[in-house]
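Every heavy atom of this structure was used, including side-chain atoms; hydrogens, water molecules and symmetry mates were not. Labels below follow one simple rule: chain letters A, B, ... track the order of the sequence lines, proteins then strands, and each chain is numbered from 1.
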Amino acid sequence: MVTIKLPDGSTRELPKRATAADLAAEMGPGVAASAVAAEVNGRLVDLASPLVDGASVSIVPAGSEAGRDVIRHSTAHVMAQAVLRLWPGARLAIGPVIADGFYYDFELPGGAHFSEEDLVRVDAVMRDIIAEDQPFSREELSVDEGLALFEGQPYKQEIIEAVAAGAEEVDAAGSADVGRAVVSAYRNSEAFVDLCRGPHVPSTGRLGHFRLTRVAGAYWRGDEHRQQLQRIYGTAWESEEALAGYLHRLEEAERRDHRRIGHELDLFSFPEEIGSGLPVFHPKGGIVRREMEDYSRQRHADAGYDFVYSPHITKASLFEVSGHVDWYADSMYPPMELDDGSTYYVKPMNCPFHILVFRSRQRSYRELPMRLFEFGSVYRYEKSGVVHGLTRVRGMTQDDAHIFCTREQLSDELTRALTFVLDLLSDFGLDDFWLELSTKPEDKAVGSDQDWEEATATLREVAEGRGLELVLDEGGGAFYGPKISVQARDAIGRNWQISTVQLDFQLPQRFGLEYTGADNAKHRPVMIHRALFGSVERFFGMLLEHYAGNLPTWLSPEQVRVLPVRDDHVEYALATTERFCAAGLRAQMVDASEPLGTRIRSAKLEKIPYVLVVGGDDVSAGTVGVNRRGDDRPQRGVPVDQAIALARDDVAQRRTAPSG
RNA sequence: GCGCCCGUAGCUCAGAACGGACAGAGCACCGGACUUGUAAUCCGGAGGUCGCGGGUUCAAGUCCCGCCGGGCGUUCCA
């Protein structure tokens, strides 16, 4: 007999040679039916694994995160088998699990490529394989046996060699139980065996709730200099309902796509004539931007920032001194050569300009901290193929600031900056944040260890003081300073990297920045880079997706639309509209040349927060019929003043209006 | 950059697998009628070198080649 410890602390006796599957069966038919793998002493293993005496075991159900990973990984194997059936001689690379799904990379014979129609064929063969209910059986092999088994599969052999090399390293480090590198493989049938760490479901019959989603190219080991492979992405779930739920979430994300909303609401466009990644904002989008920027300006003024402006192009030397030309050239537009022999760059960053503002005359410690702010337009040459809507553009406006301060002020300034960021983002209706703190890289870094430690500790304190989740990116900071980035989760749970607060020990040095201290000696200031929206464009896109186009009233291009029922109500409607406008609201009247139902529909589709209908009753009573976005039914007979107060309050509170 | 997909009216898309009767629809726009109390009123009109160039053919949105533009992906040890 063997004794097994269960997660609830109880123990169970099982006959010798019992497997995890036996345990699941013992625990009940429900457990057995949903089991896809087991966790033994913290390691995921197959259900067929024998249990050793004293092990802590939990059964992994299909619907758990770990269980889904097993299903996805197994489905990836089925896909690989299907591809091999359809393209004999295809070489297999890797087929890992990713968020919500999996992919598998292949090199097809004769350099063939997958097309979208191929997905249908692969899908059909996969369903055959699942119907065949092939077992997944594990084999453990020595390195030499592995290399022999995967003759003709060079990628698999490369992986085996990497595993072997890794094992030697572990050996050299003196690790106990790694005697010899062992690899494992899973065989489904005579025709198909794949190198894999496992675990897998017991047999292919356990799978089936999957969908192949897209084809893509990808490089072996993610290295663009190496072989390009053909990738198929898919998703797989424990049940048809879970799959349907996921597909529904995809549709929801599609529905919220800011490019679609931006077009539908006439906010911005990307004219081909201008170029990839270069948006123009239409009048309505312009209103939203102006509101965003005006509010940001006001907050910056309140927080003690000074406003500066800098040109869009500069002589090359500026970015040579800053170092950008050396390590950032790939992302910069190529230089412009002028007749007089000088070279200019379109600016990819604002920092050197702000530095020159600082350096324009001698500075005293009395002037610090100096906080220079600018909505600075920058241009970055993003590779064709990475440009995406407003979220990845080639021309953008950063709400950029650079704070120059003394070392003594550093901690306080970091605290202020981070607090400021979080407050401002909250005003835009984002309230689910987490922070990522990148600390000093191991190899090389400028600045003293003490500076790094102090700054890192400060950033951590602010984060913890706010009760925010803090993810440590150990050693992930840039060599020139530690960084904290603010990530926001949107309404459907997606993460957006937004603001960054970054310390810089390097640029003040490269530009020889100095201030005169109270001791009448020269000192070097410390510099903080920070952006709140990151880029106005990207933040705009994110807000559109977060709100699915239902912008809060204060940001809505048109806040109020007044609809007279008939022509003879137009006069009253106009007068009412003017009252809203006089109250500082963006209101417009649309006359009765279309039926009321049509006009209401248009207004709703335009996601206008307040649609006011005025008819005979209203004319005589001085009221309006109020349709608030998101409300099921209108509220009739509301006094005009009350309706104005309602809308003004929304604006004043920056209330996030409900969706329509 | 590379892979896949796409390019027909301002927009969304049919027509392409089979070359000929194929320049189409809806929305938007313009004109007229309708005068409306809560998510699409009716009638009419205008609008396209089918991304560009070349080729095959009696005949090319449709087949072939090249180019341009757009979208998606490029989520790193089995």
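For the pair A/Asp105 CG and B/C4 C1', the computed distance is 14 Å after rounding to whole Å. Atom P of nucleotide B/U38 and atom CG of A/Asp617 are separated by 12 Å, given to the nearest angstrom. Following rounding to the nearest Å, A/Leu119 (CG) and B/C5 (C1') show an atom-to-atom distance of 11 Å. The interatomic distance linking A/Ile232 (CD1) with B/C5 (P) rounds to 13 Å, in whole Å. A/Arg628 places its CZ atom 17 Å from the C1' atom of B/U38, with the value rounded to the nearest Å. Between A/Arg260 atom CZ and B/C11 atom C1' there is a gap of 13 Å when expressed in whole angstrom units. Rounded to a whole Å, the NZ atom of A/Lys607 is 16 Å from the P atom of B/A39. The separation between A/Phe270 atom CZ and B/C11 atom P is 15 Å, rounded to whole Å.
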Given side-chain hydrogen bond (donor to acceptor under 3.5 Å, both in side chains), test A/Ser593 with A/Asp591 step by step and report yes or no.
CA-CA 6 Å; A/Ser593 51; A/Asp591 71 29; 2.8 Å; yes

Along nucleotides 73-78 of chain B, 5' to 3', which nucleotides get a B, which get an S, and which get a -, given that the test is a protein heavy-atom distance under 4.0 Å?
BBBBBB

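Annotation: A/Glu571, atom CD; neighbour count of heavy atoms from other residues, nucleotides and ligands within 6.0 Å does not exceed 12. Residue A/Arg211 places its CZ atom among 12 or fewer non-hydrogen atoms of other residues, nucleotides or ligands, all under 6.0 Å distant.
A salt bridge does not link A/Glu558 with A/Lys284: every distance from a Lys NZ or Arg NE/NH1/NH2 to an Asp or Glu carboxylate oxygen is 4.0 Å or more. A salt bridge is absent between A/Arg68 and A/Asp100: the closest approach of a Lys/Arg side-chain nitrogen to an acidic carboxylate oxygen does not fall below 4.0 angstrom. Under a 4.0 Å N-O distance rule, the pair A/Asp650/A/Arg628 qualifies as a salt bridge.
Comparing B/G51 with B/U62, their P atoms are spaced 8 Å from each other, to the whole Å. Comparing the C1' positions of B/C63 and B/G19 gives a spacing of 8 Å, expressed to the nearest Å. Atom name P, nucleotides B/A46 and B/U57: the rounded distance is 39 Å, in whole Å. As rounded to the nearest Å, B/C68 and B/G54 have C1' atoms that lie 14 Å from one another. B/C42 sits 30 Å from B/A23 when the P atoms are compared, rounded to a whole Å. Spacing of C1' atoms, B/C52 relative to B/G44, comes out at 36 Å, to the nearest Å. Taking the C1' atoms as reference points, B/G53 lies 24 Å from B/G15, given to the whole Å. To the nearest whole angstrom, the two P atoms, one in B/G32 and one in B/C13, are 33 Å apart.
Pairing of B/U74, defined by two Watson-Crick or G-U wobble distances under 3.5 Å, is identified with B/G1. Shown here, B/C52 forms a base pair with B/G66; the pair counts as Watson-Crick or G-U wobble because both key distances fall under 3.5 Å. Summarising the base pairing, B/G26 is matched to B/C11 through a Watson-Crick or G-U wobble pair whose two defining distances lie under 3.5 Å. For B/A16, there is no paired base (Watson-Crick or G-U wobble, both distances below 3.5 Å). Under the Watson-Crick and G-U wobble criteria, each requiring two contacts below 3.5 Å, nucleotide B/U38 is left unpaired.
With sequence neighbours excluded, the residues satisfying ring pair (Phe, Tyr, Trp, His ring centres under 6.0 Å) with A/Phe281 are A/Phe268, A/Phe540.
Contact annotation for A/Val626: no contact, since no heavy-atom pair falls under 4.0 Å across all strands. Within 4.0 Å (heavy atoms only), A/Arg633 reaches no atom of the nucleic acid at all.
Looking at residues 559-568 of chain A, you'll see A/Val565, A/Arg566, A/Asp567 sit with a heavy atom under 4.0 Å from some atom of RNA chain B.
Judged by closest nucleotide on RNA chain B, A/Gln230 is the one of A/Gly597 and A/Gln230 placed further toward the 5' end. Positionally, the nearest nucleotide of RNA chain B for A/His263 lies more toward the 5' end than for the other of A/His263 and A/Gly389.
In textbook terms, a nucleotide whose glycosidic angle is within 90° of 0 is syn, and B/G61 is one such case.
When each of A/Thr577, A/Val562, A/Val640 is checked for a side chain to side chain contact (heavy atoms under 4.5 Å, CB included) with A/Tyr572, only A/Val640 meets the rule. Looking at A/Lys156, A/Gln81, A/Arg187 one by one, the single match for side chain to side chain donor-acceptor pair (under 3.5 Å) with A/Asp194 turns out to be A/Lys156.
Note: A/Tyr104 and A/Phe106 meet the aromatic proximity criterion, with ring centroids under 6.0 Å apart.
The shortest heavy-atom contact between A/Ile644 and A/Leu585 is O-CD1, 4.2 Å.
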